[in-house]
Structure formats: C-alpha cells, structure tokens
Asks: 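Handing you a structure now.
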Amino acid sequence: MHERKTVLEGLVDDGGISVGHNNEVRLEMLALPENVGLARVSIAAFASQIDFSMGEVEEIKVAVSEAVSNAVIHAYPQGGWVKISARLTGRLLEVEVKDTGKGIEDVSQAREPSFSTEPGRMGLGFVFMESFMDGMDIQSIPGRGTTVRMWKECRPVEGSND
Amino acid sequence: MHERKTVLEGLVDDGGISVGHNNEVRLEMLALPENVGLARVSIAAFASQIDFSMGEVEEIKVAVSEAVSNAVIHAYPQGGWVKISARLTGRLLEVEVKDTGKGIEDVSQAREPSFSTEPGRMGLGFVFMESFMDGMDIQSIPGRGTTVRMWKECRPVEGSND
Amino acid sequence: MQLDHEIVAGNLVFRVQGELDLNTAERFRLYVDDAMDRHRCYQAVLNLRKVTFVDSSGLGAIIGRYRRIAQRQGTISIVSPPPHVLSVLELSGIKKIIPVYSSEQKALAPEARMA
Amino acid sequence: MQLDHEIVAGNLVFRVQGELDLNTAERFRLYVDDAMDRHRCYQAVLNLRKVTFVDSSGLGAIIGRYRRIAQRQGTISIVSPPPHVLSVLELSGIKKIIPVYSSEQKALAPEARMA
Ligand SMILES: Nc1ncnc2c1ncn2[C@@H]1O[C@H](COP(=O)(O)OP(=O)(O)O)[C@@H](O)[C@H]1O
Ligand SMILES: Nc1ncnc2c1ncn2[C@@H]1O[C@H](COP(=O)(O)OP(=O)(O)O)[C@@H](O)[C@H]1O
C-alpha cells in the first residue's frame, strides 16, 4: 500500500534527498480551524524532503492534523497561537506541536481510546498520533499549555514496496 | 486564464471563505534550496483561504519563491534563517520575507530588470515579485539584512472569469 | 471540500471531494442532514472516492451521520475510500459498524441493502 | 522534478515533470548537458507539459541551455508550457528567443527546425 515515491523514475529523481539530511522549520499560526490544513500541508512538504512513502506522508498528515486540531478545539476556546516545529535529522522526522492554552489534567486518561472531554468528538486524536507515528510524548501543565512531540523514522526501502 | 476556483461547484463550496477574513501565519526556516518549495506551498495554502483564482495563487507562489530564493542565494552564502510572515486582512494578502544576511547596497539598482550580482542569474527576481503582486517594498541595510514586503488584493469575481 | 448528492433507486448518494477535517466537518454535517431531511430519505451512501484526507474530526462527522440515520431506522454505507482513508476507517473501528463497498452499484444492490 | 529524454528524428526530446526552481535547476542543467554531450546532439526540444512550477531560477537554467546550445550551433524549442509557465516565459522575454510550440510534432516538423 505504501508505494515509495522516489524510486528513480525514468532516469533522474527529484526533490527528495534520499540519503537523509538535517533541516528545521518552525511554524506559528492562529488557532483557527482553517489553519489545520495549512499545518498539514507544510509539514507534509517538509517530510517529503526525505524518501517517506506516500502512505507514510499521509500518516504524518493525520498525526499533525490531530495535534493541531486539539490545540484549536481544546486548548484555546477563546483563540491563541499554535507553534509547530519540525526537524529532520538524518532519517528521523520529529514534529512538536505546542500551545499555551488550557492544558490537560490527566494525560494518561487523555491518551485512552474514546476518551474525550468534548461531546461529539471521538477521543481518537492521541490514538491516531501514536499509531501513525513511531512514538509520541505529551507534556502538559493545566492552565499553562500542552506540548506534543512525535517522531517517525524513514526506513530504507527493501526491494519492492512494503 | 485565471479560472476562479470557488464557483459553487455542484452545490456546496469549500475551504475558501469568500467574504474575506483575518488570519496570520509565521514561518521560520533554514536558508536551504530545498526549503524554497516548502515556503511556496505553505503560503499558497494560506492564500487559498480566500478566493484568489488558481492563476493568482500561481503568481503568489512565484513571488514567494523569488524572495526566499534570494535569501538563500544572496543573503546567506554561509547559511542562516529566513522568516516569512503572511497576513490576511479582509481581501488583502501581505507577505513579508526577512533575512538577517548580507543586505543590499543599492536597492533601486537591485530592482532593475536584468541586474544581478551573481553570474548566471537572470536578475528577474524583483521584477517577478513586482509584476505578480500588487506592490512590493524593500528594506535593506548592508551587513544587517533585507526585508521584502509584498501585497496582493483578492478582487471579487465579476461575472465570468477575467 | 465539495459535496454533491443524487437520488439513486431510493437512496441518497453523497459524493464527497477534498478534505474532511475540523475545518469542513461542520459543513459536511449540515449538508448531509439537510439533504436527508428535505428528501425525507434516510438511506445514505457516502461515496468517498475523491476524498483526499480524513482525520478523527472527519470520522466524527461520519459517525454522527451514522447515529442520526440509525435513530431514524435508516441505512448508511461507504463507497470507494482511497487506501489512506481506508486505513483511518479501519483503525477507528468504523468499518465494523458501517459497511464499505468498492462501488456505488455494489452499495445499492438489493443484497447490500438487506444487511 | 523528474526528467526523461528520447531521441526523435535526430532531436533530443526532454520531458520535464514537477517543479523547476532553485532546488532543481542544477539537476536539470546537469541532466540536459550530459545527455546532449553523450549523444553529441544539440537539437533540443523541452517538453514542459507536466511542469507544475517555474520561477526565475528555473528560467535561468533554460536560458543557460539555450546559450550553450547556441554556441554549438544547435537549436532549442519549448513545447506545451501550461498557462502559468507560459506567463513566466512571456514576462521574462524568453518567448522572443526560444520558439514555443503546442506539441512535440509541431516542434519537430521540418518547417519548425528551419527557423
Ligand atoms: N492541546 C490540548 N489542550 C487541552 N486539552 C487537550 C489537548 N489535546 C487533547 N486534550 C484533551 O485530551 C482529550 C483527548 O484528546 P484526543 O485523543 O485528541 O480526542 P478528542 O480530540 O477527540 O477529544 C481531549 O478531549 C481533551 O480533553
Ligand atoms: N535577500 C537579499 N540579500 C542580499 N542581496 C539581495 C537579496 N535579494 C536580492 N539581492 C540583490 O539584488 C540583486 C537582484 O535580485 P533579483 O532581481 O532577485 O535577481 P537575481 O536573484 O537573479 O540576482 C541580486 O543579484 C542581489 O545582489
């Protein structure tokens, strides 16, 4: 299902620096629903600099979307700023999504599938972040804000597609 | 040539908030060639929140690409950070691209078509920024850095496509 | 996101295009509920073939429609989710409560509507 | 950016896909120059139909090929630029020095190669 996209198509390949490299980008945006897509697209473009498969880039998009949506919905009922930073170190992508909003009282409860403090929401945000990335770490202080850190490694392609 | 993309297709339209709204995003990235595309894509996604035509979004992409490429090539021969900020105020998009690099000795000379200090470059960067946006303003201090500000208004669609 | 609907053999077929996320979920909800109420038809088929992105906010909107339709003794099915959308449906468990078909024809076949 | 080439009627036809900007201009240059030198053929046709973006760095790479080919008494033409690429070609004045055709056939026609 995850076709690698940087197999030398024809002769020369493109944009993706397959060997892994170091890079960093920071993004600050108003916590608005219409900015969730912007965050997703930007981090996907960043991740595409190394040879993540198309399926993996889709997974990264979901994870980023969940983290930023949470900041919009839960952290800032009155609005605020979300900071996203992303780093590539060799073949490792790290993404941090940070707000200075409401914070989470009980982080381990929040991570449970189906747990949500908001009626009508699915309680799957953290589940998706964990499933679609290699790992996730949540730092939160009630009244001070939340920082979600996630990472995913870009594994070398073995033979055909995985 | 510029088809508007938010004509109610079928029944409901989408993402674009046609009436104009206020929003802001800031982007900081390492001055690397591979980040030029990321800047372009992010600002294009941001501009698409109001109903710029597809052709206008392409023009914005070129302008952003030129400004960020200049920071990569001219401002920082040794590398550094580029800051991009974009704001939507009603129907006006403003984009600022800022570096703290080499600076420009003679700004009015730099703006001239075909002027370049770099052999092999076309000297068209500022020309494209000016032509594809509604206006551009350059602040530069040699040894301190350069800030390019550009703006473009999203005009209401009149009848068919323009 | 763009939405479209058509009545086919007594079913409301919704065709969704683009991204189903926090920014578009509410418009999806309003559109689907309004069409069903206006036509008094609670047999829904969601064609997701042209959906480019779904996250848990988008899934929440789909599950919300499922609940509302179930209350009215209706049916709902999903058609042609692209691979990355399918993996989100699977991970969420939605696939266990809403049937997924590979084409509108299959979703509309009398055998399918029995289920 | 992805590149491909083929020899058609004594011409090197290059088909470019994706974005031609600061990040890809150098690879474009290397690929085109290398193919021409290896085949000792300086009759180039650049098919830009699948190009999604060009800015002044991309144009610089095209003009650079034009100059190199001109030194070798060769010819170069551009085929099928999409609307937004065409507007960049027009604004830069490149259209005045490199002929633009709507199809490879037209670029390869004997009349065209006379020009
Ligand atoms: N950035 C945040 N700020 C405050 N609370 C949060 C934040 N992110 C998550 N939470 C809390 O954790 C709960 C679970 O989050 P999640 O798994 O994403 O599900 P959902 O968003 O559907 O509620 C939320 O309901 C909310 O109470
Ligand atoms: N951010 C910058 N920092 C330093 N110098 C710059 C910057 N941007 C532009 N310049 C100067 O202005 C000149 C003209 O720029 P431009 O019109 O973009 O053409 P080009 O990039 O092709 O040289 C450049 O050659 C360079 O000397």
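Residue numbers begin at 1 in each chain, while the letters A, B, ... track the order of the sequences.
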Asks: When only heavy atoms count and the cut-off is under 4.5 Å, which of residues 122-132 of chain A reach chain C?
Replies: Met122(A), Leu124(A), Gly125(A), Phe128(A), Ser131(A), Phe132(A)
Asks: May I ask you to list the residues in residues 136-146 of chain A that approach chain C closer than 4.5 angstrom, counting heavy atoms only, ordered by number?
Replies: none
Asks: Side chains of Glu26(C) and Pro33(A): closer than 4.5 Å at any heavy-atom pair?
Replies: no
Asks: If I measure from the heavy atoms of chain A, does Ile63(C) come under 4.5 Å with its side chain, its backbone, both, or neither?
Replies: side chain
Asks: Heavy-atom pairs under 4.5 Å with chain A - which of Ser56(C), Gly60(C), Ser92(C), Gly64(C) has more of them than the others?
Replies: Ser56(C)
Asks: Is the CZ atom of Arg49(C) crowded by more than 12 outside heavy atoms at less than 6.0 Å?
Replies: no
Asks: What part of Val68(A) lies closer than 4.5 angstrom to a heavy atom of chain C: side chain, backbone, both or neither?
Replies: neither
Asks: Between Asn23(C) and Val36(A), is a side chain to side chain contact (heavy atoms under 4.5 Å, CB included) present by the stated rule, with each step listed?
Replies: CA-CA 7 Å; Asn23(C) 193 36; Val36(A) 175; 5.8 Å; no
Asks: Taking atom NZ as the centre, does Lys152(A) end up with more than 12 heavy-atom neighbours from other residues, nucleotides or ligands that are less than 6.0 angstrom away?
Replies: yes
Asks: Indicate yes or no: does Lys61(A) engage Asp55(C) in a salt bridge with an N to O separation below 4.0 Å.
Replies: no
Asks: Verify the neighbour count for atom CZ of Arg111(A): are there more than 12 heavy atoms of other residues, nucleotides or ligands below 6.0 Å?
Replies: yes
Asks: Decide if atom OH of Tyr76(A) counts as having more than 12 heavy atoms of other residues, nucleotides or ligands within a radius under 6.0 Å.
Replies: yes
Asks: Rounded to the nearest 0.5 Å, how far does CD of Glu66(A) lie from OG of Ser57(C)?
Replies: 6.0 Å
Asks: Are any non-hydrogen side-chain atoms of Arg40(A) and Glu19(C) less than 4.5 angstrom apart?
Replies: yes
Asks: What part of Val54(C) is in contact with chain A, defined as an atom under 4.5 angstrom from a non-hydrogen atom: side chain, backbone, both or neither?
Replies: backbone
Asks: Please indicate whether Arg38(C) has more than 12 foreign heavy atoms, meaning atoms of other residues, nucleotides or ligands, lying under 6.0 Å from its CZ.
Replies: yes
Asks: Is the number of heavy atoms from other residues, nucleotides or ligands under 6.0 Å of Gln109(A) CD greater than 12?
Replies: yes
